[in-house]
There are 2 protein chains.
Amino acid sequence: MIDDRKKRVLQAIIEEYINTAEPVSSKAIVENYGLNYSSATIRNEMASLEKSGYLEKTHTSSGRIPSEKGYRLYVDELIKDDDISLEEIKYISSKLETKVNEIEDLTKIATSTISEVTHYTTVSIGPSVSYQIIKEIKFVLLGNRMLMAVILTDTGMVKETIIKFDEDITEKQVETLNYMFNNKLKGEPIEKIDRPLEEYLFDEMTYSVKVIKPIIEQIKKVLAEDETLYLEGANKSFELPEFNSLEVAKNFINILDTKELMSDMLNSGFAQDINVYIGEENEKDELKDFSIVTFKHKVGDKDLGTIGIIGPKRMDYSKVISVMKYVSKKLNEKRDENGE
Amino acid sequence: MIDDRKKRVLQAIIEEYINTAEPVSSKAIVENYGLNYSSATIRNEMASLEKSGYLEKTHTSSGRIPSEKGYRLYVDELIKDDDISLEEIKYISSKLETKVNEIEDLTKIATSTISEVTHYTTVSIGPSVSYQIIKEIKFVLLGNRMLMAVILTDTGMVKETIIKFDEDITEKQVETLNYMFNNKLKGEPIEKIDRPLEEYLFDEMTYSVKVIKPIIEQIKKVLAEDETLYLEGANKSFELPEFNSLEVAKNFINILDTKELMSDMLNSGFAQDINVYIGEENEKDELKDFSIVTFKHKVGDKDLGTIGIIGPKRMDYSKVISVMKYVSKKLNEKRDENGE
DNA sequence: TTTTAGCACTCTTTTAATCAGATTGCTAAT
DNA sequence: ATTAGCAATCTGATTAAAAGAGTGCTAAAA
């Protein structure tokens, strides 16, 4: 049905539209994309592509713009996934080579680098805490009435929280806490901090329920907290012509402002390495005018978080996907070195 | 020069303009603000106020809008500073009564509450770290090669950072670190972590320069880091008619996106309790189309950070200032209870 | 059968012109 | 000192006309 020439026409139209943001005419294709046919022939192909649903018109005598179905075909079949220059490769490498003490910092660097290279708004979110395994849990006394709980997970994340008390805590109590919690929780997934465990801990430490209760509460609270979002290049989107519509701009601000939405956006289904959601393919209504491209960076089977780009449906998928692939690869190499 | 009646006219015009965002006509004033004069009289006063620079026209036959000089007079002399309802008082009180473990959480709550009550975009920033006094510094070993440094300051802030090593650290070394650093730094302002101290510490601990050097570097780095910004209600601004101009909206996004700008904005001169910068009064070019209202919340002479509102010059100064005053008062009370 | 030239037709965008409405500034009267 | 009244000015909405871009289709060419 969609023969090779049609695909080439579709590809040309999409690429032209990505560049210009204007409906593409048959003439423009003939002139700039080296298809050796007359504009009339291209027009026929365009009419056919429109009938099959890959193109749309804004009005009867306008040029064509890609439909979501058109973008989908483009992403699935027509894209180049090495659309990345030597300069970009060098830039990304140098950025990612920065030495960091905390794993989250690397995610931040990757996020901002992607935004810089692609010129799109980029977001990242840490891995879902509840699936991680507790490697160590440590209590530290700060002053006499403040306790800091530090939790180390297998993926190298460190979460800490502070609990205040109305009475003094002794070093002895802290020691007991360290012993008890580690003994019971080390090697367990974080979500295990649930009722049975609480009861067990209460039993063992009846002498200080007053102390242990707020601790467990606070730890659970911190771990249940939204993973931290990191946003980079929000303003970049506003340079794009589609954001000249007040309505689109407002929607966009609203999305970035709504943590829940951002979190959903980054955490929706992960079939492939790199996931592309075009317009209506997004589950959330608010996202249906945008495209989202996300990837998880992992080491082994361990999820280290998700990085995503949000932009117009007229997104430079080719560049975005190429950059993401390269960053993903580089991050993995980096992890191996670190031997975490 | 500016007699009482002129002031009443100016006040009426400003309040009307704050409500409607439309140039105000002499008729509107007569009808809604109970000035017992004809529109012709008001027109004369308006002409005079314009000549003195308190009002402006958008074109020859338009109504008047306040000039920056007009807003300034309004803020300095005509404002009510108890423009806050009983419901609002209750709401703010209840919000601020939330029990928190970390001082920063209180700032966050205050920030979002202010944004909710005033309907403006609200920002906060922590106190400048370098002036704070170190109350305690504690090293904690995480695993074998990771050290966490926790710094407690006199204002109740807790900063922590992680340092990774290429070789194992012993508990013994950690003990020494704790002893040395506390001995030397407790009671000192954070900025003291400078060269002389480094040298002293090197002397005392020659046996582990390899360990101590990265520690000092990392601590200095973390303390020098930008104070964390907290932003609430960015989308609220986009409901305002002035943000229907694409240019204004873009500028605004850019401001919110530029940490340096936000930090400058919150940290500029503090003559009064509550500081109002109207348009051109802002030092930074980018802010010259907006108004900023900020206040510091303190306990005693200790700076706990700054909260600020950024909005259009046509801001409801009366409400904003009233709310800030109330929040400021409440926060101080809260601190006293806590006895920090 | 496939491709193309050519042209009528459609729709958008731009420009200009007109008109109704709002508000002021000024003059003369109160 | 205040006000009524009115010409003058400017905006914003509406309409009309013209210019421009691109398509779809027909008939000819390859």
Side-chain angles (χ1 to χ4, degrees), chain A residues 1-10 12-14 16-17 19-67 70 241-242 244-246, chain B residues 1-10 12-14 16-17 19-67 70 241-242 244-246:
Chain A
M1 187 71 89
I2 308 298
D3 61 33
D4 226 53
R5 191 173 71 182
K6 283 193 177 56
K7 283 188 187 171
R8 274 193 291 155
V9 171
L10 179 61
I13 290 177
I14 292 184
E16 181 72 4
Y17 187 62
N19 282 328
T20 63
E22 297 290 339
V24 180
S25 72
S26 50
K27 195 161 147 260
I29 298 296
V30 174
E31 283 172 359
N32 306 321
Y33 288 82
L35 292 232
N36 265 327
Y37 298 96
S38 74
S39 66
T41 306
I42 303 297
R43 269 203 293 288
N44 287 332
E45 294 291 44
M46 284 162 81
S48 161
L49 280 164
E50 183 182 354
K51 193 174 274 177
S52 321
Y54 296 100
L55 293 177
E56 287 170 357
K57 274 195 282 199
T58 59
H59 62 263
T60 28
S61 69
S62 77
R64 300 303 204 295
I65 62 174
S67 69
E242 20 275 285
N244 282 10
S245 145
L246 239 298
Chain B
M1 187 71 90
I2 308 298
D3 60 34
D4 226 55
R5 191 173 73 183
K6 282 193 178 54
K7 284 187 186 171
R8 274 193 292 155
V9 172
L10 179 61
I13 291 177
I14 293 184
E16 181 72 4
Y17 186 62
N19 282 329
T20 64
E22 298 289 341
V24 180
S25 71
S26 49
K27 194 161 148 262
I29 298 296
V30 173
E31 283 172 359
N32 307 321
Y33 288 83
L35 294 230
N36 265 326
Y37 298 96
S38 75
S39 66
T41 306
I42 302 296
R43 270 203 294 287
N44 287 332
E45 294 290 45
M46 282 161 82
S48 161
L49 280 164
E50 184 182 355
K51 192 174 275 177
S52 321
Y54 296 99
L55 293 178
E56 286 171 357
K57 274 195 283 199
T58 59
H59 58 86
T60 29
S61 67
S62 76
R64 300 303 204 296
I65 63 174
S67 69
E242 20 275 283
N244 282 10
S245 146
L246 239 292

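Letters A, B, ... mirror the listed sequences (proteins, then strands); counts begin at 1.
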Enquirer: Ignoring hydrogens, what is the shortest heavy-atom contact between Ile65(A) and Pro23(A)? Give both atom names and the distance.
Expert: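 Smallest interatomic distance, heavy atoms only, reads CG2-CA, 3.7 Å.
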Enquirer: To the nearest 0.5 angstrom, please state how far the CZ atom of Arg64(B) sits from the NZ atom of Lys57(B).
Expert: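 Those atoms lie 4.5 Å apart.
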Enquirer: Are Lys6(B) and Asp3(B) within salt-bridge range, i.e. N to O under 4.0 Å?
Expert: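 Salt bridge between Lys6(B) and Asp3(B), a charged N being under 4.0 Å from a carboxylate O: yes.
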Enquirer: So does Tyr54(A) get a backbone contact from the side chain of Ser52(A), meaning a donor-acceptor N/O pair under 3.5 Å?
Expert: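 Not confirmed, Ser52(A) side chain does not pair with Tyr54(A) backbone.
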Enquirer: To the nearest 0.5 Å, tell me how far Ile14(A) CD1 sits from Leu55(A) CG.
Expert: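 Nearest 0.5 Å value for the CD1-CG distance: 7.5 Å.
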Enquirer: Which protein N or O atoms sit under 3.5 Å from an N or O of nucleotides 13-21 of chain D?
Expert:
none

Enquirer: Could you tell me whether the side chain of Ser26(B) and the main chain of Ile42(B) form a donor-acceptor pair under 3.5 Å?
Expert: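 Checking the backbone N and O of Ile42(B) against the side chain of Ser26(B), no donor-acceptor pair under 3.5 Å is found.
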Enquirer: Tell me: CG of Leu55(A) to P of dG22(D), nearest whole Å?
Expert: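 Atom CG in Leu55(A) sits about 15 Å away from atom P in dG22(D).
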Enquirer: Between OG of Ser39(A) and CE of Met46(A), what distance do you get to the nearest 0.5 Å?
Expert: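 Between atom OG of Ser39(A) and atom CE of Met46(A) there are 9.5 Å.
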Enquirer: Which residues in residues 31-53 of chain A have a heavy atom closer than 4.0 Å to any atom of DNA chain D?
Expert: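 Nucleic-acid contacts, sorted: Arg43(A), Met46(A).
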Enquirer: Could you measure the distance from the CD1 atom of Ile2(A) to the CG atom of Asp4(A)? Nearest 0.5 Å is fine.
Expert: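 It is 11.5 Å, given to the nearest 0.5 Å.
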Enquirer: CG of Leu246(A) to OG of Ser245(B): how many Å apart, nearest 0.5 Å?
Expert: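 Nearest 0.5 Å value for the CG-OG distance: 8.5 Å.
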Enquirer: How is Lys27(B) classified with respect to the nucleic acid when contacts are heavy atoms under 4.0 Å: base, sugar-phosphate, or nothing?
Expert: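 Nothing: the residue Lys27(B), judged by heavy atoms under 4.0 Å, touches no strand.
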Enquirer: Looking at Tyr37(A), is its backbone amide N or carbonyl O close enough to the side chain of Thr41(A) to form a donor-acceptor pair, meaning the two atoms are under 3.5 Å apart?
Expert: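 A pair under 3.5 Å: no.
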Enquirer: Within this structure, what is the CD-to-C1' distance between Glu22(B) and dC10(D), rounded to whole angstrom?
Expert: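 About 15 Å, once rounded to whole Å.
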Enquirer: From the 5' end of DNA chain C to its 3' end, which nucleotides mark the outer limits of contact with chain A, defined by a 4.0 Å heavy-atom distance cut-off (strictly under)?
Expert: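 For DNA chain C, the relevant span reads dT3(C) to dT12(C).
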Enquirer: Which part of the nucleic acid, if any, lies within reach of Thr58(B) when heavy atoms closer than 4.0 Å are counted: base, sugar-phosphate only, or nothing?
Expert: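 Touches nothing.
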